[in-house]
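Read through the structure below, which is laid out as structure tokens, and then see the notes.
Along the sequence shown, residues are numbered consecutively beginning with 1.
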Amino acid sequence: MRIAIPVSHDRVATVFDFATRFRVIDISGNEMTGNVEMVVHEDFMPGRVTRLAESGVDLLICGAISMDAAAMISYSGIRIIPEVTGDIDEVFFAFIHGALRDAVFMMPGHGRAQGRGRGRRTGYGRKKR
């Protein structure tokens, strides 16, 4: 599996739409097998999404993301875990240990981080009522 995380100062970038640096991590099981930084210079969102898809990214872990960008990424076959914050290494460690949805990694104002939304799916692609 290949994961991309937008980076700003060794932390998850606050907003995906403006990120130009990504940490791309390859994992097998719970082991990191590769770790590189990718710089994306494309200003036009479809070009940026194409670059991620062509790089073989399976999963995007990010902070805030616009609905348009999320739709393009989902359409390209990349899964998204949005509204994540924290140090890149800690976020990766939490992901491989199933703890990424702990409140400490959720952006401020996120429903689950405030104790609301128990039992509901979060993120893009959630079921409508």
If hydrophobic clusters are built from ILVMFWY residues whose side chains come within less than 4.5 Å, do [X] and [Y] share one?
X: I96; Y: M32; answer: yes
X: I3; Y: F93; answer: no
X: M45; Y: Y75; answer: no
X: L100; Y: M1; answer: yes
X: M38; Y: I78; answer: yes

Nearest atoms (heavy-atom pairs only) where D87 meets R11 =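 Reported closest heavy-atom pair: N-NH1, 3.5 Å.
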If every non-hydrogen atom of A69 is compared with every non-hydrogen atom of S66, which pair is closest and at what distance?
->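 What the structure gives for the nearest pair is N-OG, 3.1 Å.
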Could you grab the distance from atom CD1 of I5 to atom CZ of R21, nearest 0.5 Å is fine?
->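 If we round to the nearest 0.5 Å, I5:CD1 and R21:CZ are 12.0 Å apart.
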Between the side chain of S28 and the main-chain N/O of E31, is any donor-acceptor distance below 3.5 Å?
->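 Between the backbone of E31 and the side chain of S28 there is no qualifying donor-acceptor contact (under 3.5 Å).
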Donor-acceptor contact present, side-chain S74 to main-chain A71, <3.5 Å |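 Checking the backbone N and O of A71 against the side chain of S74, no donor-acceptor pair under 3.5 Å is found.
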Quick one: does [X]'s side chain get under 4.5 Å of [Y]'s, heavy atoms only?
X: I27; Y: F95; answer: yes
X: D17; Y: I65; answer: yes
X: I80; Y: F16; answer: no

State whether the number of non-hydrogen atoms from other residues, nucleotides or ligands found under 6.0 Å of N30 atom CG is greater than 12.
->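 Count over threshold, so yes.
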Greater than 12 external heavy atoms within 6.0 Å of H9's NE2 =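 Count not over threshold, so no.
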Between T85 and V12, does a side-chain contact (heavy atoms from CB on, under 4.5 Å) hold up when you go through it step by step?
-> CA-CA 6 Å; T85 189; V12 177; 5.5 Å; no
Which side-chain N or O atoms in residues 49-62 pair as donor and acceptor under 3.5 Å with protein atoms at least two apart or in another chain?
unit_1: T50; atom_1: OG1; unit_2: P46; atom_2: O; d: 2.8
unit_1: R51; atom_1: NH1; unit_2: V39; atom_2: O; d: 2.9
unit_1: R51; atom_1: NH2; unit_2: V39; atom_2: O; d: 3.4
unit_1: S55; atom_1: OG; unit_2: R51; atom_2: O; d: 2.8
unit_1: D58; atom_1: OD2; unit_2: R2; atom_2: N; d: 2.8

